[in-house]
Amino acid sequence: MEYNWIKLPLFDSWDYEYTTVIQEVSYTIRLYYSDRMKTWSMDISLEEGTDLLQGEALLPYKISAGDRIPNLTGLFWLEPISLDDNETFLHPDLLFKYFNFYYIFVDGEQ
């Protein structure tokens, strides 16, 4: 069994969205930061606007959302770039600088 890792972009903004193709379907991914809660959240919709997931907490080392979205067989994964967790957790608002964001699925399941 081979895993495919699709690296998804992170931007220098506190609230943004972009469209990307995952497993042959176009999705719009919105990432936004809550300063009050000190957390990032993710919304996913079909490109044409149908909401599929809203307010999913985006946390390091936590499997997110793939199993709750129709036609997706994988998972979303947020991973610190550095092994120094102090830096990544001291600056959670700098997601683009300290983390990589992936969609991971098993080869042959696309």
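A continuous path of ILVMFWY side-chain contacts below 4.5 Å connects V25 to L53, so both sit in one hydrophobic cluster. In this structure, L94 is not a member of the same hydrophobic cluster as M37, with clusters built from ILVMFWY side-chain heavy atoms closer than 4.5 Å.
In plain terms, the two heavy atoms of M42 and F101 that are nearest each other are SD-CZ, 3.6 Å. The shortest non-hydrogen separation linking A57 to S64 is O-OG, 3.8 Å. Pairing each heavy atom of V21 with each of S26, the nearest pair is CG2-OG, 3.6 Å. Taking both residues in full, the closest heavy atoms of E79 and Y102 are given as OE1-CE1, 4.0 Å, listed atom of the first, atom of the second, then distance. Considering every non-hydrogen atom in both T73 and Q23, the closest pair reads OG1-NE2, 2.8 Å.
Considering only heavy atoms from C-beta on, K7 comes within 4.5 Å of N100 through its side chain. Side-chain atoms of Y103 and W77, non-hydrogen and from C-beta on, never get closer than 4.5 Å to each other.
We find that R30 and D15 are joined by a salt bridge, their nearest charged nitrogen and carboxylate oxygen being less than 4.0 Å apart.
Atoms OH and OG, from Y32 and S13 in turn, are 14.0 Å apart once rounded to the nearest 0.5 Å. Atoms OG1 and CD1, on T28 and I44 in that order, are 10.0 Å from each other to the nearest 0.5 Å. Rounding to the nearest 0.5 angstrom, the gap separating the CD1 atom in I22 from the CZ atom in F105 is 9.0 Å. For the atom pair CG of L52 and CD1 of I69, the computed distance is 6.0 Å after rounding to the nearest 0.5 Å. L75 CG to I63 CD1: the interatomic distance, rounded to the nearest 0.5 Å, is 5.0 Å. Rounded to the nearest 0.5 Å, atoms CZ (F99) and CG (L78) are 5.5 Å apart.
Judged purely by atom type and a 3.5 angstrom limit, Y16 uses its side chain to pair as donor or acceptor with the backbone of F11.
Annotation: side chain to side chain contact (heavy atoms under 4.5 Å, CB included) contacts of W14 (sequence neighbours excluded): Y33, D35, D93. Qualifying salt bridge (Lys or Arg N to Asp or Glu O under 4.0 Å) partners for D51, counting only residues two or more places apart in sequence or in other chains: none. Scanning for salt bridge (Lys or Arg N to Asp or Glu O under 4.0 Å) contacts around R68 gives E56, with sequence neighbours left out.
Counting heavy atoms of neighbouring residues, nucleotides and ligands inside a 6.0 Å radius, atom CD1 of I104 exceeds 12 of them. By the neighbour-count criterion of 12 heavy atoms within 6.0 Å, atom NZ of K62 is densely surrounded, having more than that number from other residues, nucleotides or ligands.
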message: Using side-chain contact (heavy atoms from CB on, under 4.5 Å), reason through T39 and L58 one step at a time and then give a plain yes or no.
response: CA-CA 7 Å; T39 59; L58 197 57; over 6 Å; no

message: Using side-chain contact (heavy atoms from CB on, under 4.5 Å), reason through Y18 and L8 one step at a time and then give a plain yes or no.
response: CA-CA 10 Å; Y18 57 88; L8 299 170; 3.4 Å; yes

- prompt: Checking side-chain contact (heavy atoms from CB on, under 4.5 Å) for the pair F76/I29: CA distance, chi angles, key distance, verdict?
  reply: CA-CA 11 Å; F76 292 91; I29 296 175; 4.2 Å; yes

